Amino acid sequence: MTQTYQLAGRTFSSRLIMGTAGFPNQQLLLDALAASGADVATASIRRISLEGYAESLVDLLGEDYQLLPNTAGCETVRDAVLTAQLAREALETDWLKLELIGDRETLYPDVVQLVEAAEILVKDGFQVLPYCTDDPVVCRRLVEVGCVAVMPLGAPIGSGMGICNPTNIELICANSPVPVILDAGIGTASDAALAMELGCDAVMINSAVAKALDPVAMAGAMARAVEAGHLAHHAGRIPKKGYAEPSSPQLGLIGS
Amino acid sequence: MTQTYQLAGRTFSSRLIMGTAGFPNQQLLLDALAASGADVATASIRRISLEGYAESLVDLLGEDYQLLPNTAGCETVRDAVLTAQLAREALETDWLKLELIGDRETLYPDVVQLVEAAEILVKDGFQVLPYCTDDPVVCRRLVEVGCVAVMPLGAPIGSGMGICNPTNIELICANSPVPVILDAGIGTASDAALAMELGCDAVMINSAVAKALDPVAMAGAMARAVEAGHLAHHAGRIPKKGYAEPSSPQLGLIGS
Amino acid sequence: MTQTYQLAGRTFSSRLIMGTAGFPNQQLLLDALAASGADVATASIRRISLEGYAESLVDLLGEDYQLLPNTAGCETVRDAVLTAQLAREALETDWLKLELIGDRETLYPDVVQLVEAAEILVKDGFQVLPYCTDDPVVCRRLVEVGCVAVMPLGAPIGSGMGICNPTNIELICANSPVPVILDAGIGTASDAALAMELGCDAVMINSAVAKALDPVAMAGAMARAVEAGHLAHHAGRIPKKGYAEPSSPQLGLIGS
Amino acid sequence: MTQTYQLAGRTFSSRLIMGTAGFPNQQLLLDALAASGADVATASIRRISLEGYAESLVDLLGEDYQLLPNTAGCETVRDAVLTAQLAREALETDWLKLELIGDRETLYPDVVQLVEAAEILVKDGFQVLPYCTDDPVVCRRLVEVGCVAVMPLGAPIGSGMGICNPTNIELICANSPVPVILDAGIGTASDAALAMELGCDAVMINSAVAKALDPVAMAGAMARAVEAGHLAHHAGRIPKKGYAEPSSPQLGLIGS
Amino acid sequence: MRSQITVNGETRPWQAVDVVRLLQAEGLDPARRGVAVAINGAVVPRHRWAETAVQPNDLIEIVKPFAGG
Amino acid sequence: MRSQITVNGETRPWQAVDVVRLLQAEGLDPARRGVAVAINGAVVPRHRWAETAVQPNDLIEIVKPFAGG
Amino acid sequence: MRSQITVNGETRPWQAVDVVRLLQAEGLDPARRGVAVAINGAVVPRHRWAETAVQPNDLIEIVKPFAGG
Amino acid sequence: MRSQITVNGETRPWQAVDVVRLLQAEGLDPARRGVAVAINGAVVPRHRWAETAVQPNDLIEIVKPFAGG
């Protein structure tokens with residue numbers, strides 16, 4: 001019932017992008033992904049370790065999901081670029097969720113380095129989806145250097161605070177020529193619905209599902225919430241009024 | 001996927017109750033009701049008029065929906081009680097959405113008269129669902145006099161402001177022995193999802209759907225939002241934190 | 001600089017009413033009251049106990065402040081009325097802050113009993129200031145039975161949540177023929193300023209000052225905040241706009 | 001009663017910085033500045049025009065206020081730097097409110113160019129106070145390049161929306177080694193109080209005073225609000241609780 | 001002066017009829033679902049319409065369901 | 001069994017005294033400001049303490065103001 | 001074609017004058033406080049106005065403070 | 001002193017091997033999907049592993065995808 005959308009030249013029906021980290025176990029990850037209906041799932045790139053999981057994430061998810069590698073944890077342009085190039089080699093995809101962390105406390109991006117790294121990676125042939133602040137000017141700059149989407153944060157990663165500044169998200173959506181994917185901060189279903197109502201094209205969620213008491217139920221909730229918010233955005237909501245307006249007819253009351 | 005719930009001894013699968021007033025035309029009303037998946041639809045009782053709609057609401061909806069007549073517009077116990085009795089006769093149902101308006105500007109209920117009328121109607125054999133304020137003590141009183149549910153308002157009727165005081169709604173839900181149905185104020189999908197996340201058993205919506213630019217799309221949005229919020233409520237959301245928490249693994253970064 | 005106001009026929013310059021309970025010690029109570037600039041201070045009525053404070057509250061504050069006894073903790077009309085009558089005898093004042101608690105968890109008033117008790121006490125000659133919910137209809141009823149002011153709650157007593165439903169407080173202020181005193185819920189200075197900006201005539205504060213780390217500094221903060229909010233309310237604030245409007249001149253830029 | 005604070009090596013008693021634009025007339029500007037108690041007032045630099053005001057802003061305010069010239073309207077590093085140098089020459093001060101506009105609709109800063117221009121101007125001997133986004137990482141970068149304060153925005157200039165993202169402002173204040181001055185977005189007194197409660201060292205206000213119906217009264221309101229918020233921040237507010245806590249004693253009720 | 005009745009707030013000359021006839025006189029089909037009648041503040045159940053005579057000065061309400069919220 | 005009274009919820013053996021004496025017996029100074037007394041749900045004004053006798057089974061409340069919110 | 005200069009975005013015929021004379025020619029009082037001048041993107045300090053000659057094609061900015069936010 | 005290399009931050013004695021051998025020496029299956037290698041900050045594509053010799057003092061990163069957000 002919700003329309004499909006284009007991301008980096010591919011068409012998707014689900015507007016929910018799922019993170020894969022922090023699930024209690026692998027089965028819950030798989031069940032939650034299924035319940036979410038997501039087409040795209042994120043991955044991180046880390047040094048291999050001999051004790052590492054027997055099964056590789058590629059084998060686990062590579063067939064069923066478009067994997068979106070990230071550069072989580074990188075704090076310099078150099079590390080982000082190399083991590084991106086290793087990700088492309090390892091996952092055989094030029095898609096990249098570019099993260100360039102500027103502060104370990106808030107995990108907020110360093111937007112100055114982010115724009116620089118995005119420009120380098122776009123020139124290197126990547127489809128860059130940058131995790132950025134909710135700054136409309138930074139988002140415009142990222143589009144100018146060739147990013148295929150922007151991923152503004154709603155609140156600090158994993159905080160579950162929802163969308164701290166709906167005004168900025170709405171401004172970004174109103175002016176963006178590329179898809180806007182709300183990333184980070186979602187805590188529950190109404191947050192995801194709100195993101196879509198503000199005009200986002202998709203929502204990226206990890207902790208809110210992985211760390212919920214029942215990840216599979218929450219994944220189902222998020223799937224419905226994203227559809228609900230998307231439909232509501234296009235249905236043309238009633239304006240907010242400071243006063244009441246009766247729904248039932250006002251004439252024909254008995255005794256009147 | 002969401003559990004059914006009991007209301008006045010009957011079991012329903014949809015947790016969305018739809019108002020029927022103010023749709024652009026009858027076909028949009030029928031289509032929106034279908035898209036909403038609602039099992040229960042409200043009606044008002046008014047003096048018959050010869051120019052009145054050719055088709056009766058009973059003929060139109062009586063077969064497919066549990067009709068819930070209201071006493072909208074009544075400002076005295078006497079008028080509300082008589083309107084209720086006429087509704088029972090006209091619709092052959094003892095279900096009643098009791099409204100006792102205390103102020104024509106805000107359409108807020110007069111809770112003192114409301115408790116009095118509810119007590120009379122319960123003794124008279126009605127299944128009373130009172131439209132009330134978000135006052136936990138008033139809600140408890142209404143249950144004590146025998147109401148089968150409470151319908152606290154989120155915001156003034158038709159205002160689309162959403163839920164002005166989530167704290168009160170959550171308190172009411174946490175302590176209510178009967179179903180809590182959020183009534184009035186819903187403006188868009190995320191409001192409905194929030195109502196369910198606060199613990200409501202159902203949501204009653206009219207203007208937000210009837211007055212939306214695309215009522216059918218908004219009805220579909222509300223259906224999903226109510227399911228999303230209900231699932232999220234039971235999935236056990238992550239707590240809101242004032243700080244960030246990384247989702248991707250923190251070890252094994254390159255260059256580290 | 002802020003105008004005086006009338007309460008129960010008396011004129012006051014300070015729009016801050018202070019509670020006297022829960023201060024770390026008597027000296028901090030006296031210093032905080034002085035820093036607050038309040039003219040009115042509340043008191044409770046309790047069974048005398050031989051171990052009771054050597055000094056009486058009347059001797060301590062009676063000369064410098066208009067004492068406003070309350071019926072805190074009363075849960076029945078009968079107890080509230082008798083407590084009020086004992087308060088009048090003990091404090092030689094017909095002023096009364098009427099509290100009729102309907103729920104020990106939230107300490108919300110039982111508005112049905114509240115209206116009943118208010119009517120009895122007004123007839124008995126009291127100047128009744130009822131602690132009530134933020135329900136505009138209940139406030140109107142309380143005025144109709146003769147209350148000299150209404151004291152709607154901003155949030156549960158002692159919660160420090162501020163004003164949970166500014167819409168209701170603004171509605172009450174816009175229509176009230178008697179002074180509106182925001183009671184309960186204030187947590188910090190901006191909450192008190194907001195109450196006045198919404199149109200309240202005064203603010204009643206206890207826990208936010210008594211339980212602050214530095215009660216005297218917080219009392220000074222509240223005194224300024226109440227003045228600030230009162231001035232701002234009458235200064236005619238700029239409207240909230242969804243867009244920006246430059247303050248500096250837009251013409252005459254260099255290089256243009 | 002509020003402590004003084006240091007800005008660029010100078011000590012000030014008022015924590016309110018006033019803009020001077022958009023007042024109905026010169027007398028209201030002077031009266032509002034007086035009522036605000038501000039020590040610092042901003043100015044813009046524009047091409048001289050023969051029809052220009054007879055009286056110069058320097059003659060009008062230069063004796064009584066520390067003038068803080070801005071680079072409002074500049075959209076390139078080059079224009080901002082030259083405007084800053086002209087301002088220094090014209091006003092004989094090395095203080096500068098650096099504005100580098102990245103978007104004419106929102107008047108949001110272009111933080112990438114902003115950091116670049118700040119670095120140049122600091123090296124050129126300016127005391128740079130940059131108008132920036134509420135991005136903690138950008139604020140840290142601005143401090144690293146030598147800015148003497150940061151001026152994060154609360155909301156779009158002139159919007160009166162208040163502080164859209166209190167979480168970010170609080171984060172910035174908690175970590176900033178230089179004074180944080182909330183700039184832009186303030187609509188009324190409670191907004192200014194909140195800014196200080198979040199930990200800001202000062203608040204910069206223009207439109208909220210200049211465009212109020214009564215600019216002088218609003219200036220007085222802002223003066224009190226800034227003091228109130230500053231005192232409250234240091235007084236140690238009570239925590240927000242989801243439940244009630246009685247202030248009056250719970251024992252010794254009659255009839256108990 | 002002739003006796004009257006009040007139907008939905010409008011006065012009518014009284015006539016010696018039962019409720020069924022009254023509805024017909026008002027142009028309504030008594031068999032139609034969803035109609036309810038109250039006389040002087042008391043509901044007259046459908047099964048008693050035929051045996052209930054309209055009295056002078058009766059205050060009569062004839063209602064049916066409409067769309068509502 | 002001997003007659004009793006209840007003072008602030010505690011039972012006491014009844015004695016034939018007026019309210020002034022009762023207060024004294026309770027260790028209170030009747031002249032002190034801020035004290036109020038109710039017997040069986042009715043306030044006894046200070047000026048009538050001396051003439052008001054305590055009866056067997058009286059429910060007596062003796063109160064004073066405390067800090068409050 | 002005659003040489004020109006640009007003053008605050010408007011072209012003027014060039015004349016062999018220093019900055020003090022230029023200001024006077026523009027109807028401004030060079031002694032007045034708050035005026036600043038830049039030529040071709042570089043500020044000309046007040047103490048160097050008298051010795052700074054205006055050259056053909058100079059881009060000249062003459063500014064002063066206004067109210068601002 | 002013997003030459004060394006650094007693999008994922010840990011030093012190893014250098015041996016004259018290509019990348020395929022190196023992975024095997026590290027206990028990894030070179031045929032396994034999802035593995036990527038960088039030497040001295042430059043990615044070595046899988047198809048060049050066999051022809052790429054490990055040099056003394058090389059800084060080598062061997063990575064694979066993990067769960068991530």
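In what follows, chains carry the letters A, B, and so on, assigned in the order in which the sequence lines appear, proteins first and then strands, with residues in each chain numbered from 1. For the numbers below, each heavy atom of this structure counts, side chains included, while hydrogens, waters and symmetry mates do not. Quantities reported herein were computed from a predicted structural model and do not represent experimental measurements.
- When each of L68(B), I181(B), T71(B) is checked for a side chain to side chain contact (heavy atoms under 4.5 Å, CB included) with K97(B), only L68(B) meets the rule.
- Contacts between E105(C) and chain B at a heavy-atom distance below 4.5 Å involve the side chain alone, from C-beta outward.
- No salt bridge links E227(B) with R15(B); every basic N to acidic carboxylate O contact stays at or beyond 4.0 Å.
- Of the two parts of P166(C), neither the backbone nor the side chain holds a non-hydrogen atom closer than 4.5 Å to a non-hydrogen atom of chain B.
- Other residues, nucleotides and ligands contribute over 12 non-hydrogen atoms within 6.0 Å of the CZ atom of R140(B).
- For D135(C), the part lying near chain B is the side chain, with the backbone staying farther off; criterion is any non-hydrogen pair under 4.5 Å.
- In terms of non-hydrogen atom pairs under 4.5 Å with chain C, the most contact-rich of D134(B), T106(B), D110(B) is D110(B).
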Walk me through it: do M204(B) and M18(B) pass the test side chain to side chain contact (heavy atoms under 4.5 Å, CB included)? CA-CA 6 Å; M204(B) 152 95 206; M18(B) 285 290 293; over 6 Å; no

